[in-house]
2 protein chains.
Amino acid sequence: MIETNIFFSALSNDVRLRCLMLLVEEEELCVCEFTHALGLAQPAVSRHLALLREAGIVLDRREGLWIHYRLHPDMPQWALEVLQVTAQGIVGLSPFQDDLKVLEDMPNRPGAPRCA
Amino acid sequence: MIETNIFFSALSNDVRLRCLMLLVEEEELCVCEFTHALGLAQPAVSRHLALLREAGIVLDRREGLWIHYRLHPDMPQWALEVLQVTAQGIVGLSPFQDDLKVLEDMPNRPGAPRCA
DNA sequence: ACGTTATATATGGTATTTGATATATATTGT
DNA sequence: ACAATATATATCAAATACCATATATAACGT
């Protein structure tokens with residue numbers, strides 16, 4: 001990822017920022033976990049994740065039917081720090097706080113790293 | 001400032017991000033310094049600064065004919081950290097690096113805190 | 001090969017953002 | 001009161017982003 005305007009416009013949408021805040025906390029998530037946590041329709045989530053992927057902010061990995069997303073390991077250090085600093089600042093606020101709670105209560109999570 | 005989408009969409013424009021990166025380094029600048037450093041028309045700069053003001057990211061202060069802008073002191077800590085981390089990451093790249101150099105070489109700067 | 005599940009892409013309508021240009025406001029000096 | 005300077009706002013066309021809905025793809029089990 002190179003262009004700062006693409007990076008920040010990616011963060012400027014609520015749905016995408018909520019997805020990223022979840023990824024800062026949760027390491028790796030599949031689409032069904034995002035749709036469950038955010039309470040949004042699958043095409044909406046998928047389209048926003050596609051934009052994050054094209055921006056180089058997330059990386060996807062297919063495993064059977066599931067596609068797992070995580071923060072892109074090649075993201076510049078400053079961009080990762082922006083995400084982490086933002087998460088520290090807003091993770092206690094709505095709707096981000098609720099998203100995490102809903103995700104943790106989700107039944108039958110696919111890969112489910114247990115949330116400490 | 002409260003809404004994350006307003007904050008990040010403010011940063012998603014090149015002109016505004018360049019203004020903010022200058023403010024992270026320079027403390028306080030007036031409009032003529034922005035227009036000189038960025039090489040843009042006054043109305044363009046003024047409108048972008050207005051947007052930053054409405055978003056609560058900068059604060060303006062009139063002194064005679066000049067209007068000085070600085071980072072808003074009431075900005076949430078995490079937002080300020082986002083700006084600082086971003087500056088550390090990109091201040092060495094174009095066009096941000098050049099903006100600073102052009103500003104330092106500007107003749108007859110108004111308040112001009114000398115740049116260390 | 002067929003159905004099912006998980007995810008992706010396409011489409012169209014509407015709203016927002018942008019850049020360029022013109023005009024307005026506010027302050028100072030005379 | 002007038003001119004000059006610094007800055008702000010208004011306007012409009014073009015581009016972009018957004019949401020909702022419909023459709024397509026890809027992998028798996030039978």
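Remember, predicted model here, so these are calculated numbers, not experimental data. Order of the sequence lines fixes the chain letters, A, B, ..., with proteins taken first and strands second; residue numbering starts at 1 for each chain.
You can see that DNA chain D meets the heavy atoms of chain A within a 4.0 Å-exclusive cut from D:dC18 to D:dC28, reading 5' to 3'.
The interatomic distance linking A:N13 (CG) with C:dT17 (C1') rounds to 15 Å, in whole Å. We find that CG of A:L38 is positioned 13 Å from P of C:dT7, with the value rounded to whole Å. Separating the CG atom of B:L51 from the C1' atom of C:dG19 is a distance of 14 Å, rounded to the nearest angstrom. Distance B:H48 NE2 to C:dA20 C1': 11 Å, rounded to the nearest Å. For the pair A:L40 CG and C:dT7 P, the interatomic distance rounds to 15 Å; values are reported in whole Å. Separating the CG atom of B:D60 from the P atom of C:dT27 is a distance of 12 Å, rounded to the nearest angstrom. Following rounding to the nearest Å, B:E54 (CD) and C:dT17 (P) show an atom-to-atom distance of 11 Å. Atom CZ in A:R62 sits roughly 8 Å away from atom C1' in C:dA6 (whole-Å rounding).
A single hydrophobic cluster is seen to contain both A:F8 and B:V91, as judged by linkage of ILVMFWY side chains at heavy-atom distances under 4.5 Å, directly or through other members. A continuous path of ILVMFWY side-chain contacts below 4.5 Å connects A:L80 to B:L17, so both sit in one hydrophobic cluster. Hydrophobic clustering of Ile, Leu, Val, Met, Phe, Trp and Tyr side chains at less than 4.5 Å, counting indirect connections, unites A:W78 with A:L71.
The side-chain heavy atoms of B:H72 and B:V58, taken from C-beta on, include no pair separated by under 4.5 Å. In this structure, A:D60 and A:H68 have side chains that are not in contact, with every pair of non-hydrogen atoms separated by 4.5 Å or more. With contacts defined as side-chain heavy-atom distances shorter than 4.5 Å, the pair A:R53/A:Y69 qualifies.
B:F34 comes within contact range of no nucleotide atom at all, as no heavy-atom separation falls under 4.0 Å. When heavy atoms are screened at a 4.0 angstrom cut-off, B:R47 is found touching base atoms of the nucleic acid.
Just one of A:R109, A:R18, A:R70 meets the salt bridge (charged side-chain N to carboxylate O under 4.0 Å, His left out) condition when paired with A:E26; it is A:R109.
Where A:Q42 and A:G64 meet DNA chain D, the nucleotide closest to each residue was compared, and A:Q42 sits on the side nearer the 5' end.
The listed nucleotides are C:dT7, C:dT9, C:dA6; the one nearest the side chain of A:L65 is C:dA6.
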